[in-house]
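It should be emphasised that the depicted structure is a prediction, and the values quoted were computed from it without experimental measurement. Order of appearance sets the numbers: ligands from 1, and atoms from 1 within every ligand.
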Amino acid sequence: MLTLHGILELRDYVKHWRLTSQKIALVPTMGNLHAGHLRLAERAREAADHVVVSIFVNPLQFGPNEDFKGYPRTLEQDKARLAEAGIGLLFAPSVDEMYGGNLEQVTRVDVPGLSGVLDGKFRPGHFAGMATIVAKLFNVVQPDVALFGEKDYQQLQIIRRMVADLAMPVDIIGVPTVREADGLAMSSRNQYLTAEQRSLAPALFQILKELAKSLRNGRRDYQRLELEALRKLSAIGMRPDYVAVRCANTLSLPEETTGEFVVLAAAWLGRARLIDNVEVKINS
Ligand code: AMP
C-alpha cells in the first residue's frame, strides 16, 4: 500500500484515475482503525475502482479542553490493517500540510442549523471543523463517492447538507454502525474506558433500544421518554450530555404524526464520551 503525505503528490497520483474515468472513493478517518473503519473501506471497494483512505487527526474539530493531544495515533498499525484489507492508497498529511500553521485564520465551512444542536451544543465549533476538513479532502482527492459511519449520525447529516448546499459532485454513502458483540458501538475512544467502565458501556445502546421500543409501542411523550433514559444513564454511573428523540435525517423536533425517528445520545463514562443512536421507522 502506498502512503502519501502531500496534497500535490496525492493530486498527481489520482489524476490518472480521473482522466481515465475510473471511480474514486474516499474514506476520511482520524486513524486508530477498528472494524468500523474497515467496514467503510470494504464498502468503498464495492462502490469504486480505487479507494483512498485518509488519516488525519484534525485539530480544527477539537475544543480547547478536548483530547486532541492524547487522541490515539497508531499509524504503523493502521497501515498494516489497510494493506490487509486491500486498500491501495493512504493519505496521511501533517497538520502543517493541511493548514499551514494558520489554524485561527483558516476558511471554515459551516452548516449552521444542523451544527448548532445536539452534539454541536456541547462541542462548539466541532462540526465546522469537521465540515471544513471534509470539504478540503474532497477538493484534494476529488472522489466520486465518500463513505461515513451512521454512528456519527449528526455528522453524516451535516455532510449530506454541505454537499447539497455547495453542489459538491460527491455521492455520500452512510454505513451502519459496527458494534462489539455486547452491542457497544466501536470507537477509538472506547480504549479510554477502564475494565469496569467497559462492562457498563453497552448500557447506552440498550437504553436507546428501550426508548426505541417505547416509540414502536406508540408512546409519543418525547420529553418524558428522554428524561426516563437520562435517569437510567445517570443511575448506572454515566454522565449524559443529552438523549434526544428527533425526526430521522432532519434532526428536527418530532410531532405527533412523525413516522421516522432517530434516538440519539451522548454520555460520559470516565474519560470517554460515548455517542450512539438508533433509527426507528413506524409502519403506518
Ligand atoms: P473517526 O476516525 O472516528 O473520525 O471515524 C471515521 C469514520 O468512521 C466516520 O465516518 C465514522 O462515522 C466512521 N465510524 C467510526 N466508528 C464506526 C463504527 N463503529 N461503525 C461504522 N462506522 C464508524
Non-hydrogen atom of [X] closer than 4.0 Å to ligand 1:
X	result
P28	yes
H37	yes
E150	no
R179	no

How far is [atom] from its nearest protein heavy atom, and which residue and atom name does that atom have?
atom	value
atom 4 (O) of ligand 1	M30 CG, 3.5 Å
atom 11 (C) of ligand 1	D152 OD2, 3.1 Å
atom 10 (O) of ligand 1	G149 N, 2.9 Å

For ligand 1, find out whether one of its N or O atoms is nearer than 3.5 Å to an N or O atom of [X].
X	value
M186	yes
T177	no
V178	yes

Quiz question: by atom type and distance under 3.5 Å, do the side chains of N102 and Q105 form a donor-acceptor pair?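 Side-chain D/A pair, N102 to Q105: absent.
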
By number and element, which atoms of ligand 1 are closer than 4.0 Å to a non-hydrogen atom of [X]?
X	value
Q155	9 (C), 10 (O)
L40	7 (C), 8 (O), 10 (O), 13 (C), 22 (N)
F148	10 (O)
T29	2 (O), 6 (C)
P176	21 (C)

Would R271 pass as a cation-pi partner of Y71, given that its NZ or CZ must be under 6.0 Å from the six-membered ring centre and within 45 degrees of the axis? no

Stacked cation flag R179 on F205, 6.0 angstrom / 45 deg: yes

Does K23 pair with D171 as a salt bridge, N-O distance under 4.0 Å? no

